[in-house]
Amino acid sequence: TDTKVSFGTDEIVLTTAGVDRMFVAADGDVGIGTNTPSSYDDEGDNLIVFDTTTPGITIATDTTTSRGSLLFADGTTGNEKYRGGVIYDHGTGMGGIADTMYIRAAVNSYLVLDPTGNVGIGTKTPVNNANWAGLTLSGVTGGQIDFQDDGTTVGSIYNGTWGLAINSSPTKELRLYSSDTLALTLD
């Protein structure tokens, strides 16, 4: 008697142990732990999971060779089905090493976090030299890191087929330090 499915005015409520657990609103929004899913932001109110302490969603598998995904689609054919996504690969099916997290945009652009803490941008396999934490940038013609001050680029490190460059903006000095001591200034 404490478990029921009730139908209100254009809504469905699932109750267990006398507590409303799941709510389907007239507009199709679903709330788990809340009966007002439509009160959240319109861009993310189709499914709301609410709890007063630690709400969560688990994507689980029973194998160490598969992957779990949260995909963003803009169609139902070809790569429209997976234009963006957050993917956790338990195995090596994505082309990297096991237990790696991938963030995908525009199908093939990746931000990767591998299980050793290395980060890759534009590559599925960040480089790990001598067990250091690493950041690998990979692009068709090279990689670049820009350093900004209030939105204005003041320096950059970049590479191409010709080598590596360190650059500062025309109004800034380029300084190299060794053991916290200024070793070289270029202006």
Side-chain angles (χ1 to χ4, degrees), residues 1-128 131-139 145 148 151:
T1 60
D2 287 342
T3 299
K4 63 184 175 183
V5 176
S6 51
F7 302 92
T9 306
D10 292 327
E11 65 186 27
I12 302 170
V13 179
L14 176 64
T15 305
T16 62
V19 177
D20 293 349
R21 305 290 183 177
M22 187 168 157
F23 179 87
V24 181
D27 60 3
D29 292 344
V30 176
I32 298 174
T34 179
N35 62 2
T36 58
S38 300
S39 65
Y40 290 84
D41 187 81
D42 287 342
E43 290 190 19
D45 69 351
N46 298 108
L47 173 62
I48 303 295
V49 177
F50 176 85
D51 188 85
T52 57
T53 55
T54 53
I57 297 174
T58 299
I59 299 173
T61 181
D62 63 353
T63 175
T64 59
T65 59
S66 61
R67 57 184 175 265
S69 302
L70 173 62
L71 300 178
F72 302 91
D74 57 16
T76 58
T77 60
N79 65 24
E80 295 172 345
K81 298 184 282 188
Y82 53 87
R83 297 294 298 169
V86 178
I87 302 124
Y88 187 86
D89 191 357
H90 297 274
T92 57
M94 294 287 293
I97 61 175
D99 293 320
T100 297
M101 178 73 71
Y102 299 87
I103 298 176
R104 175 172 44 200
V107 178
N108 290 319
S109 300
Y110 289 95
L111 175 64
V112 177
L113 176 63
D114 77 14
T116 63
N118 291 309
V119 176
I121 300 173
T123 179
K124 293 180 185 179
T125 53
V127 176
N128 180 351
N131 293 319
W132 299 350
L135 170 64
T136 302
L137 303 175
S138 178
I145 300 173
Q148 296 190 344

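These figures come from a predicted structure and were not determined experimentally.
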Exercise. Is there any ring pair (Phe, Tyr, Trp, His ring centres under 6.0 Å) pair reaching into residues 45-93, and which pairs are they, with sequence neighbours excluded?
Worked result: Tyr88-His90
Exercise. Taking only residues at least two apart or on different chains, which pairs with a member in residues 14-27 satisfy side chain to side chain donor-acceptor pair (under 3.5 Å)?
Worked result: Thr15-Asp20, Thr16-Arg21, Asp27-Ser38
Problem set entry | Residues which pass side-chain hydrogen bond (donor to acceptor under 3.5 Å, both in side chains) with Glu80, listed by chain and number, not counting sequence neighbours | Thr77
Exercise. With sequence neighbours excluded, what pairs up with Thr54 under the side-chain hydrogen bond (donor to acceptor under 3.5 Å, both in side chains) test?
Worked result: none
Exercise. So, the side chain of Lys124 versus the backbone of Met94: is there a donor-acceptor pair under 3.5 Å, distance only?
Worked result: yes
Exercise. Any side-chain heavy atom of Leu47 sitting closer than 4.5 Å to one from Ile32?
Worked result: yes
Problem set entry | Side chain proximity check, Leu111 to Val119, heavy atoms < 4.5 angstrom | yes
Seminar exercise, completed: The ring pair (Phe, Tyr, Trp, His ring centres under 6.0 Å) partners of Phe23 (sequence neighbours excluded) come to none
Exercise. With Asp51, which residues qualify under side-chain hydrogen bond (donor to acceptor under 3.5 Å, both in side chains), at least two apart?
Worked result: Thr53
Problem set entry | Residues in side chain to side chain contact (heavy atoms under 4.5 Å, CB included) contact with Thr36, at least two apart in sequence or another chain | Thr34, Ser39
Problem set entry | Gap separating the CD1 atom of Ile12 from the CE atom of Met22, nearest 0.5 angstrom | 8.5 Å
Problem set entry | Value rounded to 0.5 Å, distance of CD1 in Ile145 from CD1 in Ile121 | 7.5 Å
Problem set entry | Minimal non-hydrogen separation, Pro115 against Thr100, with atom names | CD-OG1, 3.4 Å
For this session: Go through Thr65 and Thr63 one step at a time and tell me if the side-chain hydrogen bond (donor to acceptor under 3.5 Å, both in side chains) criterion holds.
Result: CA-CA 5 Å; Thr65 59; Thr63 175; 3.0 Å; yes
Exercise. Taking atom OG1 of Thr92 and atom CD1 of Ile97, what is their separation to the nearest 0.5 Å?
Worked result: 10.0 Å
For this session: Would you indicate whether the side-chain heavy atoms of Val30 and Pro37 approach each other to under 4.5 Å?
Result: no
Exercise. Which residues pass the side-chain hydrogen bond (donor to acceptor under 3.5 Å, both in side chains) test with Ser69, sequence neighbours left out?
Worked result: none
For this session: Check each of Ile87, Asp89, Val86 against Met101 using the side chain to side chain contact (heavy atoms under 4.5 Å, CB included) test, and report the only one that passes.
Result: Val86
